[in-house]
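Beneath this line is the structure, given in structure tokens, with notes to follow.
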Amino acid sequence: MTRFRHAAGAMLLALAFSNGAAAASGTPATGAELLVDGQIARAVAQLEQALGRNPFDPVVLNNLAVAYAEGGDWERAQSLLRRAARLAPGDPAIEQNLRATDQWLARLVQAGDVERRQRRDDEGEPIRIPPPPPALWP
């Protein structure tokens with residue numbers, strides 16, 4: 001999970017800085033900075049506030065999607081990335097994130113079906129171990 005967190009953080013900061021959203025020294029941390037620091041709940045709260053101020057910001061939508069994915073809510077991440085892709089068609093980072101999220105969810109569903117059919121614990125119950133998450137947002 002640490003590898004994923006660092007990979008996600010590097011892309012998020014690049015997106016935030018490219019949009020001029022970098023915080024000056026001494027100012028509160030941005031949602032992207034909080035996410036890189038591992039403070040997922042605070043990052044989600046800050047990014048939700050930013051989205052409330054401007055619901056049409058694809059960078060905030062992307063960053064919020066990464067925060068939700070980091071917290072394990074892949075479906076919400078996918079929904080946010082779809083919105084971001086509609087607002088910024090052709091944005092390579094958003095398209096890559098959406099494609100990777102779509103593939104991850106498809107693999108998760110498929111792997112869950114395979115796991116239920118093939119693996120059982122000592123009591124005969126299915127063992128549902130998802131595959132590791134993809135290296136999103138390299």
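Values in this document were obtained by computation on a predicted structure and should not be read as measured data. Starting from 1, each residue takes its place in the sequence as its number.
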Item to check | Closest heavy-atom pair and its distance - V60, L47 | outcome: CG1-O, 3.6 Å

Item to check | Exercise: identify the closest heavy-atom pair between E33 and T30 | outcome: OE1-N, 2.9 Å

Checklist entry - Which pair of heavy atoms, one from A67 and one from I40, lies closest together, and at what distance? => result O-CG2, 3.7 Å

Next on the checklist: Nearest 0.5 Å, please: how far is CZ in R99 from CG in L81?
Outcome noted: 11.5 Å

Next on the checklist: L64 vs R83, test: side-chain contact (heavy atoms from CB on, under 4.5 Å). Steps then yes/no.
Outcome noted: CA-CA 11 Å; L64 185 57; R83 283 178 54 194; over 6 Å; no

Checklist entry - Say you draw a straight line from OH of Y68 to CG of N63; how long is it, rounded to the nearest 0.5 Å? => result 13.0 Å

Checklist entry - Do R42 and V44 pass the side-chain contact (heavy atoms from CB on, under 4.5 Å) test, and can you show the C-alpha distance, the side-chain angles, and the key distance before you say yes or no? => result CA-CA 5 Å; R42 285 187 61 205; V44 167; over 6 Å; no

Next on the checklist: For a quick test of reading the model, state the closest non-hydrogen atom pair linking L87 to D57 and the distance between them.
Outcome noted: CD1-N, 4.4 Å

Next on the checklist: What's the separation between atom CG in L80 and atom CD1 in I94, rounded to the nearest 0.5 Å?
Outcome noted: 11.0 Å

Checklist entry - Roughly how far apart are R82 CZ and L61 CG, rounded to 0.5 Å? => result 14.0 Å

Item to check | Shortest non-hydrogen separation from A84 to P58 and the atoms involved | outcome: CB-O, 3.8 Å

Checklist entry - To the nearest 0.5 Å, how far apart are CD in Q103 and CG in L98? => result 9.5 Å

Checklist entry - Atom CZ of R107 and atom CG of D102: how far apart are they, to the nearest 0.5 Å? => result 13.0 Å

